[in-house]
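Working notes for the structure below.
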Amino acid sequence: MTDRKNVIFDSTILNSIQDCAEKNNLSHNQDLRPVERKTYFEEGDLLHNMFEFYNLVLRDTRTEILYDNEKYDDLLKAIADYGQWYSVQKELLPSEASEVIFQFNAYANHTRMDGVTVLEVEKPFTINLYKDDELGVYYTGKIDRYTDTPPYGLVARDYKSGGQRGKPKNLSNQFTSYCYAMNSELIIVDKVGFQKTLKPEQRFEHHPLYYNAFKKEQWKKDTIWWARLYAFYIETNTWPRNRTGCDKWGGCDFVPVCDANDEETRQHLLKTLYVIGDHWDVSAVLEKDKDLTNRQKMSEIAGNYGIDLRIV
Ligand code: SF4
């Protein structure tokens with residue numbers, strides 16, 4: 001029998017470890033979330049789920065829906081109803097939900113005739129990057145949609161909401177891992193900007209990103225290195241602070257805790273400024289049941305409009 005340590009990464013955990021081990025510990029081991037929520041995470045999640053609904057329908061009935069104005073309008077209405085339902089589950093304000101639904105409709109109308117065929121939706125993967133007697137390194141992820149996109153052909157596409165205009169950064173764990181897993185050199189990132197002052201063609205951008213064999217191999221080597229470090233963190237239960245990570249992404253949620261003057265104050269802040277949220281589960285991509293309730297709701301609402309939505 002081997003006592004191999006298995007490390008399972010997804011892009012959230014790998015990013016988090018690379019940013020700051022203590023941040024990963026507080027966010028993903030202790031599952032702490034700030035009491036004062038930052039709604040852009042929930043808004044992004046809502047938009048993402050509405051796209052899932054849209055793409056499931058397009059996957060099965062693309063031509064029928066896209067070329068029939070009445071059916072297409074019904075589809076958007078069904079997705080808006082679902083968006084309202086989902087926003088209540090996520091405790092978003094009605095104004096926040098309305099903003100996301102507005103942007104979703106604008107994006108759908110803008111890309112309606114883009115010629116993209118959706119082949120698979122929320123495509124999960126698990127890959128083995130390394131294995132010896134001491135260490136196994138696995139990587140999981142879920143690709144928003146796998147498509148046939150003219151003129152590129154078969155390509156994975158990923159939605160990114162909010163953020164700055166312009167090309168996303170190439171040195172991305174997520175996008176490199178998708179290309180590695182799909183044995184592809186290309187991914188397209190679909191940016192959905194929320195800037196109302198810009199025209200749709202300015203805030204909805206599509207960026208092809210390329211990863212050749214050299215880049216993917218470098219990413220794999222780096223990831224295995226980080227897996228060894230992560231295994232060490234877990235084994236020793238040590239989570240060092242990276243003080244260069246505190247200002248990133250609009251400021252780390254845990255600055256008050258890390259900046260506390262003594263342990264008593266730190267414990268007090270941990271109890272008063274944070275609540276325990278859902279646990280981030282890297283193997284959740286393999287558990288189909290987790291999505292079932294959500295997809296059943298999509299199917300139920302689609303049915304209200306006479307739209308057949310296959311939930312698998
Ligand atoms: S405040 Fe800085 S040191 Fe503390 S968890 Fe966040 S990034 Fe790490």
Side-chain angles (χ1 to χ4, degrees), residues 5-45 48 90-92 96 129 135 137-141 158 160-164 166 168-177 189 191 194 218-219 221-285:
K5 296 180 200 101
N6 286 319
V7 168
I8 308 175
F9 274 143
D10 65 6
S11 300
T12 298
I13 296 297
L14 179 56
N15 288 345
S16 170
I17 286 292
Q18 290 177 342
D19 276 351
C20 173
E22 174 66 341
K23 183 158 75 174
N24 179 72
N25 175 42
L26 296 171
S27 304
H28 299 119
N29 295 339
Q30 300 189 36
D31 306 322
L32 296 177
R33 309 280 179 271
V35 173
E36 274 194 31
R37 69 206 177 106
K38 291 179 179 172
T39 55
Y40 51 79
F41 288 120
E42 276 90 3
E43 287 175 0
D45 183 43
H48 192 273
K90 293 289 165 180
E91 300 180 4
L92 280 167
E96 293 163 343
L129 295 177
L135 181 72
V137 182
Y138 298 84
Y139 207 98
T140 69
D158 189 77
K160 282 277 167 275
S161 58
Q164 306 278 318
K169 66 183 172 81
N170 246 58
L171 287 168
S172 152
N173 288 316
Q174 183 187 12
F175 304 145
T176 318
S177 72
V189 179
K191 288 182 87 175
F194 276 30
Q218 284 191 314
W219 171 80
K221 279 186 189 158
D222 287 346
T223 303
I224 295 166
W225 188 94
W226 281 99
R228 288 188 199 285
L229 185 64
Y230 187 39
F232 173 78
Y233 288 159
I234 294 170
E235 193 175 11
T236 57
N237 193 24
T238 50
W239 306 95
R241 294 175 187 84
N242 174 12
R243 288 160 171 82
T244 67
C246 313
D247 295 335
K248 283 190 194 159
W249 319 114
C252 176
D253 291 331
F254 299 105
V255 167
V257 173
C258 290
D259 202 28
N261 283 327
D262 52 58
E263 186 58 26
E264 194 182 335
T265 309
R266 179 182 145 82
Q267 290 304 327
H268 175 72
L269 292 170
L270 282 170
K271 285 194 188 107
T272 51
L273 297 184
Y274 308 89
V275 290
I276 295 179
D278 294 338
H279 183 60
W280 186 265
D281 183 0
V282 289
S283 56
V285 294

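Counting convention: from 1, in listed order, for ligands and their atoms alike. Remember, it's a predicted structure, so these values are computed and weren't measured experimentally. Every heavy atom of this structure was used, including side-chain atoms; hydrogens, water molecules and symmetry mates were not.
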Atom indices of ligand 1 within 4.0 angstrom of [X] heavy atoms, with elements:
X    : value
K23  : 5 (S)
R241 : 3 (S)
F254 : 1 (S)
G245 : 7 (S)
V255 : 1 (S)

Checklist entry - Is there side-chain contact between S11 and S177, with at least one heavy-atom pair below 4.5 Å? => result yes
Checklist entry - Any N/O/S atom, backbone or side chain, of C246 lying under 2.8 Å from atom 2 (Fe) of ligand 1? => result yes
Next on the checklist: Ring centres under 6.0 Å, that's the criterion: do F175 and W219 meet it?
Outcome noted: no
Next on the checklist: Please determine whether the number of non-hydrogen atoms from other residues, nucleotides or ligands lying under 6.0 Å from atom CH2 of W226 exceeds 12.
Outcome noted: yes
[X] and [Y]: which non-hydrogen atoms are nearest, and at how many Å?
X    : Y   : value
P240 : C20 : O-SG, 4.2 Å
S161 : G44 : OG-CA, 3.6 Å
R33  : D31 : NH1-C, 3.4 Å

Next on the checklist: Taking backbone and side chain together, does C20 place any N/O/S atom at a distance below 2.8 Å from atom 8 (Fe) of ligand 1?
Outcome noted: yes
Checklist outcome for this item: Closest to atom 6 (Fe) of ligand 1 among protein heavy atoms sits C252 SG, 2.4 Å
Item to check | Nearest non-hydrogen protein atom, atom 4 (Fe) of ligand 1 | outcome: C258 SG, 2.3 Å
Item to check | side-chain contact (heavy atoms from CB on, under 4.5 Å) between N24 and W280, worked out | outcome: CA-CA 11 Å; N24 179 72; W280 186 265; over 6 Å; no
